[in-house]
Amino acid sequence: MSELQAGPRLRAGVLAGAALLLLLGLGQVDASAPDEPRYLQVAEEMRSGAHGPLGIVVLHLNGEVYTQKPPLYYWAAAALGAPFGRVSELLGRLPSALGALLCVYLTLRFGSRLFGSAAGVLGAALLLTVYEFGHLGRRVQLDVLLTACELAALVAFWWVDRGLGPRARWVALLHAALGLGVLVKGPVGFLVPVLSMVAFLAWERRLRDLGRLFPPWALLISLGPGLAWIAAASALAPAGFAGEAVGANLIGRFFEGTSHARPIYYFLYQFPIDFLPWTLLWPGVYWVARRQIFADRSGRPDERNRRAWRFLLACVGTSLVFFSISGGKRGLYMVPAFPAAALLCADACIRGLSGRTALPRLASLVAAAFALLTLTVGVEALSAGLGRSLVAFEPWRTILPELSASFLLAFGAALIGIVSASVVAWVVLLRNRSPLLGYVGVALGMVFSIELAVFGLLYPSIDPIRSPRSIAEAAARVTPESSPIGLVGDRSMIGGLAYYAGRRITELKTHEEITAFLEAGGSTFVLKRRKLWRVEVHAPVEIATSARSGSRELVVAVRASGP
C-alpha cells in the first residue's frame with residue numbers, strides 16, 4: 001500500500017541478493033542436456049567463424065543450418081565468448097542471468113510505481129525466489145531474456161498510458177523492447193505483450209487508445225529487425241529455410257503441436273507448480289481481489305489500485321490463454337507472466353496483513369509444514385551421508401549412490417542450519433511483537449537460502465548425471481581428430497556431443513546410414529546401451545566406456561580391430 005515504504009537499503013539488499021543467487025558459481029556446473037549444450041554449440045559455431053560471415057546471420061548446429069530460434073541470444077553469447085576464445089558455460093549463461101537481474105530490477109521499480117516501494121521490493125523478492133525463475137536464470141535458456149524484453153515493453157506501455165513522461169520516448173522504448181523480444185524468440189515476443197495491452201484496454205473500455213501506441217514509425221522499430229533478419233537469413237541460407245523456420249517451427253508448433261504437444265488444460269496445473277513456493281499466496285490474491293480491490297466501485301480513491309490490478313491480471317491471463325490455445329506447450333512458456341503474478345502476490349500480501357495483529361492460522365501452519373519438510377530432508381541427507389539412510393523413497397534411493405558422502409553431509413547441515421535460523425528469527429519476532437511483514441521476510445530468507453544451497457551444493461553434486469560432458473570427451477579420446485563420431489538415435493544429444501567432443505557428429509538413423517558410416521571409415525559410436533545391437537549387426541564393436549546422462553545409460557562403442 002502507498003503509505004508503507006521500503007528504504008534504499010532494503011531495495012539495494014534485494015538487488016544484491018539477486019546478484020548473489022543468479023551469478024554465484026554460474027559456470028560451476030557443466031551444460032545440462034539437452035537445451036543448454038545445443039544452444040552453447042550454436043553460439044560457439046558462430047563465435048568460431050566456422051561458417052564465415054554467413055554464420056552471423058544464418059545459425060548453425062553441428063555444421064547444419066539451425067532453424068529453431070532467432071539469433072539474439074546467440075549473438076550475445078558469441079560476443080561474450082569472443083575475447084576468451086570460447087563460449088564457455090559461464091559466458092553462455094550470462095545473457096540469461098543478466099536478463100533475470102533486469103527482470104528483478106524492473107519488477108521492483110514497476111511495483112513501486114503501481115503500489116508503493118514496499119510492494120515493489122516484496123514483488124521483486126518473490127519473483128527472485130520462485131524456484132523455476134532462479135533455475136532458468138542460471139541456464140542457457142531463452143525464456144528469461146524474453147521475459148526481460150516483454151516486461152520492459154509492458155512497463156513502457158504503462159508509462160505511455162499513464163502519461164508519465166515524454167510519450168515519443170516511451171513509445172520508442174516500448175517498440176525497441178518488442179523488437180528485441182522478437183529477435184529472442186520470434187513473433188511470440190511481440191504478440192503476447194501486445195495482446196496483454198489489448199486485453200487491458202478492452203477491460204477498461206479504452207480500445208480507442210490503442211492507436212497512439214502503434215504509429216507507423218514505431219512499427220519499424222518493433223517489427224523491422226525481425227523481418228530484416230528472416231529476410232536476410234532466407235536469402236543466404238539454402239532453399240527451404242523460410243519454410244522450416246516459419247512454417248514448421250512457428251506455425252507447426254503453435255497450431256499443430258509438432259513439438260511438446262500437451263492438452264489444452266496443461267497450464268492449469270503446470271503454472272501453479274512452476275510458480276512454487278508462492279503459489280501458496282494465490283488464495284490470498286483471490287481474497288484481496290474480491291474483498292478489497294473490486295468490491296467497492298463507488299470510491300474514486302481505489303480506482304488507481306483497481307487499474308493496476310486489471311493490468312497485471314490482463315498480463316497473466318493473456319499468457320495463460322495464448323499458450324493454452326497453442327498446440328505445443330512447455331512450462332517455461334509462462335515465465336514472462338511471473339513478474340505480474342509476483343506483484344499481485346506482493347500487493348495482496350501487504351493488504352491482507354494490514355491492520356491484523358496476528359498471522360492467519362493457515363499461513364502459520366503452511367510455514368510450519370514447509371519448515372518441517374525442509375528439516376526432514378536435511379536430517380535424511382545428513383543420515384545418508386553417515387551411511388544410515390532412513391527413507392525408502394525409490395527416486396531418492398536411485399539417485400543416492402550418485403551423491404558423495406561429503407555433499408550429503410554439507411547439504412544436510414545447510415538445510416538444518418537454515419531451518420534453525422528461521423525458527424530463531426520467528427521466535428524473536430513473536431517476542432518483540434514485530435510487524436507481520438517481518439514474518440514474510442523470514443519466509444523469504446528461508447526460501448532464498450534453500451535455493452542458494454540447491455544451486456551451490458546440489459547442482460554441482462549431480463552434475464555428472466545431468467551433463468553429456470563425460471560421454472562426449474570419452475568419445476573424443478578414441479576418435480581421430482579428423483573423423484566424425486556416429487550418434488545412433490537420440491538426436492537431442494547432437495549439441496552436447498559436438499560442444500564437448502569438438503568433433504563433427506554424424507546422425508545415424510537407419511541401418512543403411514550405419515553401413516555407409518562404417519564404409520567411410522567411421523569407427524566410434526555413441527548410443528544407448530540397449531541399442532547396441534543396432535551396430536553389432538554390422539560390425540563387431542568394443543565398449544570403450546559407459547556413462548549416464550540424465551536417465552540414459554550411454555556407451556561409447558568402437559569398431560573392434562581384426563577380422
Side-chain angles (χ1 to χ4, degrees), residues 33-35 37-42 44-46 48-52 54-55 58-68 236-241 243-245 247-249 252 258-259 468-550 552-563:
D35 288 347
R38 180 193 309 130
Y39 295 162
L40 283 170
Q41 179 61 19
V42 172
E44 174 60 18
E45 291 191 33
M46 180 186 293
S48 69
H51 309 288
L54 170 70
V58 180
L59 307 181
H60 291 79
L61 173 62
N62 191 40
E64 303 293 334
V65 173
Y66 182 70
T67 62
Q68 302 294 308
L236 295 171
F241 174 85
E244 181 70 19
N249 292 318
T258 54
S259 180
R469 177 194 282 269
S470 61
I471 201 74
E473 291 182 344
R477 285 194 294 270
V478 296
T479 306
E481 190 168 341
S482 59
S483 299
I485 296 171
L487 174 63
V488 182
D490 211 353
R491 178 174 188 161
S492 62
M493 287 194 62
I494 289 177
L497 292 177
Y499 181 73
Y500 283 116
R503 302 285 194 279
R504 179 70 180 267
I505 309 302
T506 300
E507 185 182 6
L508 307 173
K509 295 180 288 186
T510 66
H511 287 290
E512 291 75 17
E513 289 174 341
I514 294 174
T515 299
F517 180 76
L518 289 166
E519 290 176 349
S523 61
T524 305
F525 300 86
V526 173
L527 68 166
K528 293 178 181 178
R529 181 182 288 273
R530 60 184 176 84
K531 293 185 177 180
L532 191 60
W533 65 270
R534 295 187 60 185
V535 178
E536 290 176 325
V537 298
H538 296 276
V541 294
E542 299 173 348
I543 296 178
T545 188
S546 64
R548 298 192 68 85
S549 179
R552 299 167 294 193
E553 183 182 7
L554 301 170
V555 297
V556 175
V558 181
R559 185 173 187 173
S561 58

Peer 1: Hey, could you give me the CD/NE2 distance between Glu64 and His51, rounded to the nearest 0.5 Å?
Peer 2: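 Interatomic distance, Glu64 CD to His51 NE2, rounded to 0.5 Å: 9.0 Å.
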Peer 1: When you look at Asn62 and Gln41, which way does the side chain to side chain contact (heavy atoms under 4.5 Å, CB included) test go after all the steps?
Peer 2: CA-CA 8 Å; Asn62 191 40; Gln41 179 61 19; 5.7 Å; no
Peer 1: Could you point out which residue of Ile505, Thr479, Ile485 forms a side chain to side chain contact (heavy atoms under 4.5 Å, CB included) with Val526?
Peer 2: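 Answer after filtering Ile505, Thr479, Ile485: Ile485.
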Peer 1: Tell me, yes or no, whether the heavy-atom count around Arg491 atom CZ, taken from other residues, nucleotides or ligands under 6.0 Å, exceeds 12.
Peer 2: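 It does not: Arg491 CZ has 12 such atoms or fewer within range.
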Peer 1: Working note: Glu513 + Lys509, criterion salt bridge (Lys or Arg N to Asp or Glu O under 4.0 Å); need CA distance, chi angles, decisive distance, verdict.
Peer 2: CA-CA 7 Å; Glu513 289 174 341; Lys509 295 180 288 186; 5.1 Å; no
Peer 1: Looking at side-chain heavy atoms only, is the closest gap between Arg469 and Pro37 below 4.5 Å?
Peer 2: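 No, their side chains stay 4.5 Å or more apart.
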Peer 1: Using side-chain heavy atoms (C-beta onward) and a distance below 4.5 Å, is Val65 in contact with His60?
Peer 2: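 Answer yes - side chains close enough.
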Peer 1: What is the distance from atom CD1 of Ile543 to atom CZ of Phe525, rounded to the nearest 0.5 Å?
Peer 2: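 Here the rounded value is 13.0 Å.
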Peer 1: Taking side chain as C-beta onward, heavy atoms only, is Pro468 less than 4.5 Å from Tyr499?
Peer 2: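 They are not in side-chain contact.
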Peer 1: Return the OH to CG distance between Tyr66 and Leu61, rounded to the nearest 0.5 Å.
Peer 2: 7.0 Å
Peer 1: So, the side chain of Glu45 versus the backbone of Ala50: is there a donor-acceptor pair under 3.5 Å, distance only?
Peer 2: no
Peer 1: Looking at CD1 of Ile494 and CZ of Arg504, how far apart are the two atoms once the value is rounded to the nearest 0.5 Å?
Peer 2: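 If we round to the nearest 0.5 Å, Ile494:CD1 and Arg504:CZ are 9.5 Å apart.
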Peer 1: In Å and rounded to the nearest 0.5 Å, what is the CZ to CD1 distance from Arg534 to Ile514?
Peer 2: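 If we round to the nearest 0.5 Å, Arg534:CZ and Ile514:CD1 are 5.0 Å apart.
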Peer 1: Using every non-hydrogen atom in the two residues, find where Arg503 and Ala476 come nearest and quote the distance to one decimal.
Peer 2: NH2-O, 3.2 Å
Peer 1: In the structure I gave you, are the side-chain heavy atoms of Met493 and Ile471 within less than 4.5 Å of one another anywhere?
Peer 2: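 Yes. Closest side-chain heavy atoms under 4.5 Å.
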Peer 1: First locate atom CG of Leu532, then atom CG of Leu554, and finally report the distance between them rounded to the nearest 0.5 Å.
Peer 2: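 The distance works out to 12.0 Å.
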